[in-house]
**Q** 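After the structure tokens below, expect a handful of questions from me.
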Amino acid sequence: MTTMRTRPLLLLVLAAVGSGAAACQGEPPPPLAPAATELKAPEPKAPAAAAFAIDRPGSKLELAMDAPREKIRGRIEGAAGGTLQVDPADITRTTGLITVDLATLELFQTAVGDDGKPGEEKKSDLQNEHARTWLEISKDTPDDVRAKNEKAQFAIRSISTAGEKDLSKLSGAERTVTVTASGDLLLHQRQTPRTVELIATFRYEGDRPAAVTVKTAKPFSVGLAEHDVRPREAFGKLAQKTLEVLSPKVAKEAMVSLELTATAGAAPAGGAAR
């Protein structure tokens with residue numbers, strides 16, 4: 001009788017241990033971010049705000065995805081456009097919209113050997129094709145869908161800084177401030193809130209800023225799953241292997257860096273990003 005009573009209890013204990021171990025193997029993927037097709041430029045916060053048009057040819061975006069067995073580096077050059085609305089008397093009243101065309105994305109991979117040492121960095125055409133399929137900007141994607149997915153945007157809605165807010169209180173032909181920009185990121189038709197630390201260097205001509213160079217103070221993370229960037233075999237066809245399964249080779253997030261220059265009162269050079 002003791003054996004008969006103990007056996008069901010033992011089975012319950014084993015089941016509980018098994019479920020706990022399964023839960024520890026990996027957290028569930030984050031929920032999908034809200035759907036969106038385009039971000040609108042925030043309204044200027046000050047009547048004195050000056051428009052700075054982003055110089056598309058000089059823009060540069062880089063990403064890094066570090067997984068245990070493979071390191072991926074990406075770059076997009078000359079593909080960012082948009083406008084920044086800057087109040088030189090109070091840079092915390094800055095707003096803007098940055099749009100990046102993902103069509104020219106290039107990826108480079110570095111495999112990590114069994115000894116833990118990275119090999120030579122290479123560009124794989126197949127890997128670049130896979131990236132476009134995951135982002136649904138591949139050749140088999142319908143034109144209207146591809147046009148939407150090729151557009152990544154960051155809407156700057158608020159700025160904060162622990163330093164000087166009034167550029168006129170700084171001196172020199174170049175005046176640098178470090179700020180925190182908060183707003184919304186649009187990627188793969190999914191919108192998420194994002195906060196980015198930026199370094200802005202204003203180039204003065206006389207008593208007015210003529211241009212500003214903006215770069216990330218440190219990379220910011222973008223989760224693949226929440227933006228529905230998942231393994232796909234073709235448009236509309238998910239792959240059997242999920243991000244969780246591929247995680248030893250493919251990181252679940254990308255660390256993104258951005259650098260651009262914008263000119264006061266100028267039309268966007270090279271045309272605005274689509």
Side-chain angles (χ1 to χ4, degrees), residues 38-63 75-105 151-186 194-220 255-274:
E38 188 173 20
L39 300 182
K40 295 186 179 297
E43 293 292 329
K45 291 187 175 182
F52 285 72
I54 295 172
D55 174 25
R56 176 168 175 159
S59 64
K60 179 172 64 175
L61 181 146
E62 295 185 347
L63 63 88
R75 68 183 183 192
I76 303 173
E77 297 182 348
T83 303
L84 306 177
Q85 301 286 345
V86 181
D87 180 4
D90 185 353
I91 57 171
T92 65
R93 294 190 285 185
T94 295
T95 58
L97 180 64
I98 303 169
T99 300
V100 179
D101 188 347
L102 303 179
T104 59
L105 171 66
K151 183 191 302 181
Q153 294 181 301
F154 180 50
I156 300 173
R157 306 196 184 279
S158 66
I159 293 285
S160 62
T161 181
E164 180 58 61
K165 298 190 294 183
D166 186 350
L167 294 176
S168 68
K169 294 183 179 180
L170 302 176
S171 61
E174 291 190 351
R175 305 176 190 187
T176 300
V177 292
T178 300
V179 303
T180 300
S182 299
D184 294 304
L185 173 71
L186 176 72
R194 193 68 65 219
T195 298
V196 183
E197 292 186 37
L198 302 172
I199 299 172
T201 300
F202 290 85
R203 179 171 57 81
Y204 265 67
E205 293 181 356
D207 60 352
R208 293 181 179 276
V212 58
T213 297
V214 179
K215 61 182 180 180
T216 45
K218 60 182 180 182
F220 62 94
M255 302 303 296
V256 180
S257 302
L258 177 69
E259 184 173 350
L260 55 84
T261 298
T263 305
R274 292 184 296 160

**Q** I'd like to know if the side chain of Arg93 reaches the main chain of Ala46, judged simply by a donor and an acceptor atom lying under 3.5 Å from each other, with no hydrogens or angles considered.
**A** no
**Q** Rounded to the nearest 0.5 Å, what separation is found between the CD1 atom of Ile91 and the CG atom of Leu84?
**A** 12.0 Å
**Q** Does some side-chain heavy atom of Ile98 sit less than 4.5 Å from a side-chain heavy atom of Val214?
**A** no
**Q** Check this for me: Lys45, atom NZ, are more than 12 non-hydrogen atoms of other residues, nucleotides or ligands nearer than 6.0 Å?
**A** yes
**Q** Can you name the residues that form a side-chain hydrogen bond (donor to acceptor under 3.5 Å, both in side chains) with Thr261, not counting sequence neighbours?
**A** Thr213
**Q** Any idea which heavy atoms bring Thr83 and Ile54 closest together, and the distance?
**A** N-CD1, 4.3 Å
**Q** Can you find a heavy atom in the side chain of Val256 that is under 4.5 Å from one in the side chain of Thr216?
**A** no
**Q** Grab the two heavy atoms, one from Ala80 and one from Ser59, that are nearest each other, plus how far apart they are.
**A** N-OG, 3.0 Å
**Q** Using a 3.5 Å cut-off and no angle test, enumerate the donor-acceptor pairs between side-chain atoms of residues 204-212 and protein atoms at least two apart in sequence or in another chain.
**A**
from   : atom 1 : to     : atom 2 : distance (Å)
Glu205 : OE2    : Arg203 : NH1    : 3.0

**Q** How far does CZ of Arg75 sit from CG of Leu105, to the nearest 0.5 angstrom?
**A** 10.5 Å
**Q** May I ask you to test the Thr99-Lys151 pair for a side-chain heavy-atom distance under 4.5 Å?
**A** yes
**Q** Do you know the tightest heavy-atom contact between Phe154 and Ala181?
**A** CZ-O, 4.2 Å
**Q** Side chains of Leu170 and Phe202: closer than 4.5 Å at any heavy-atom pair?
**A** no
**Q** Roughly how far, to the nearest 0.5 Å, is the CD atom of Glu77 from the CZ atom of Arg56?
**A** 12.5 Å
**Q** Is any side-chain heavy atom of Val196 closer than 4.5 Å to a side-chain heavy atom of Leu185?
**A** no
**Q** Kindly give the heavy-atom pair with the smallest separation between Asp87 and Ala48, and that separation in Å.
**A** OD1-CB, 4.1 Å
**Q** Grab the two heavy atoms, one from Glu164 and one from Val177, that are nearest each other, plus how far apart they are.
**A** O-CG1, 4.0 Å
**Q** Compare every heavy atom of Ala103 with every heavy atom of Asp101, then report the nearest pair and how far apart it is.
**A** OD1-N, 3.0 Å
**Q** Report the distance from atom CG of Leu258 to atom CG of Leu61, rounding to the nearest 0.5 Å.
**A** 5.5 Å
**Q** Between atom CD1 of Ile76 and atom CD of Glu62, what is the distance when rounded to the nearest 0.5 Å?
**A** 10.5 Å
**Q** Can you spot which of Thr161, Thr92, Ile156 makes a side chain to side chain contact (heavy atoms under 4.5 Å, CB included) with Val179?
**A** Thr161
**Q** Report the distance from atom OG1 of Thr94 to atom NZ of Lys165, rounding to the nearest 0.5 Å.
**A** 11.5 Å
**Q** Taking the side chain as C-beta and beyond, is there a heavy-atom pair between Gln153 and Leu97 under 4.5 Å?
**A** yes
